[in-house]
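Right, one structure below, let's go through it.
All values below come from the heavy atoms of this structure, side chains included, with hydrogens, waters and symmetry mates left out.
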Amino acid sequence: NQRTATQQRSLCEVQSALAGGMQAIAERLCTLVLTLDAQQHVCEQATAVDSFFRRPMLGVSLEAVVSPGDAQRVSEALTKASQCMMPQCLPLTFSIAGVGAVEAHLL
């Protein structure tokens with residue numbers, strides 16, 4: 001029905017605006033912003049991301065660059081953030097080739 005379609009469009013617009021606002025905040029507050037797809041793979045090429053990890057990251061799973069002990073916690077935090085549409089903050093350790101362990105916070 002027309003009313004339902006209008007309500008759904010309105011909800012999508014609000015969610016899109018919220019996501020855009022959160023992206024802008026993250027870009028200002030965070031050292032690095034990774035854009036992930038539904039399978040938690042990097043889905044946007046970014047020179048700063050590639051430089052940080054010292055390798056091309058497009059298509060790489062986030063799980064591949066976090067310490068084995070953090071992989072499950074990261075997956076759970078991302079699932080929770082996606083389901084409730086609220087950011088989560090999680091301390092974690094990245095494993096970076098040639099550097100080793102790098103402590104960070106995932107938002």
Side-chain angles (χ1 to χ4, degrees):
N1 109 18
Q2 180 66 23
R3 182 175 181 181
T4 301
T6 301
Q7 288 174 334
Q8 288 177 338
R9 251 191 322 274
S10 179
L11 179 58
C12 285
E13 290 171 1
V14 168
Q15 289 174 335
S16 179
L18 178 61
M22 292 176 74
Q23 176 78 19
I25 290 169
E27 288 172 354
R28 291 194 185 261
L29 296 178
C30 300
T31 303
L32 197 63
V33 176
L34 298 172
T35 303
L36 305 175
D37 62 18
Q39 291 75 41
Q40 300 175 1
H41 291 86
V42 176
C43 63
E44 283 187 14
Q45 193 282 327
T47 302
V49 171
D50 293 349
S51 294
F52 179 84
F53 287 101
R54 297 180 176 218
R55 67 179 190 165
M57 289 297 294
L58 184 63
V60 174
S61 168
L62 184 60
E63 186 176 302
V65 294
V66 298
S67 69
D70 285 341
Q72 184 63 36
R73 292 183 323 115
V74 168
S75 180
E76 290 170 1
L78 292 172
T79 298
K80 185 176 180 180
S82 178
Q83 288 173 343
C84 64
M85 298 183 65
M86 292 298 294
Q88 306 291 308
C89 186
L90 178 71
L92 60 84
T93 304
F94 285 117
S95 298
I96 300 176
V99 175
V102 175
E103 299 297 318
H105 286 86
L106 175 71
L107 176 63

Qualifying side-chain hydrogen bond (donor to acceptor under 3.5 Å, both in side chains) pairs with a residue from residues 57-78, counting only residues at least two apart or across chains: Ser67-Asp70, Asp70-Arg73, Gln72-Glu76

Which atom of Ile96 lies closest to which atom of Phe53, heavy atoms considered: CG2-O, 3.7 Å

Leu36 with Leu92, same ILVMFWY side-chain cluster at under 4.5 Å: yes

Partner set under side chain to side chain donor-acceptor pair (under 3.5 Å) for Ser51, not counting sequence neighbours: none

Less than 3.5 Å apart, which donor and acceptor atoms pair up between the side chains of residues 38-49 and the rest of the protein, not counting sequence neighbours?
{"from": "His41", "atom 1": "ND1", "to": "Gln39", "atom 2": "O", "distance (Å)": "3.2"}
{"from": "Gln45", "atom 1": "NE2", "to": "Asp50", "atom 2": "OD2", "distance (Å)": "2.9"}

Path from Val33 to Phe94 over hydrophobic side-chain contacts below 4.5 Å: no

Minimum-distance pair of heavy atoms, taken over all atoms of Ala71 and Val66: CA-CG2, 3.7 Å

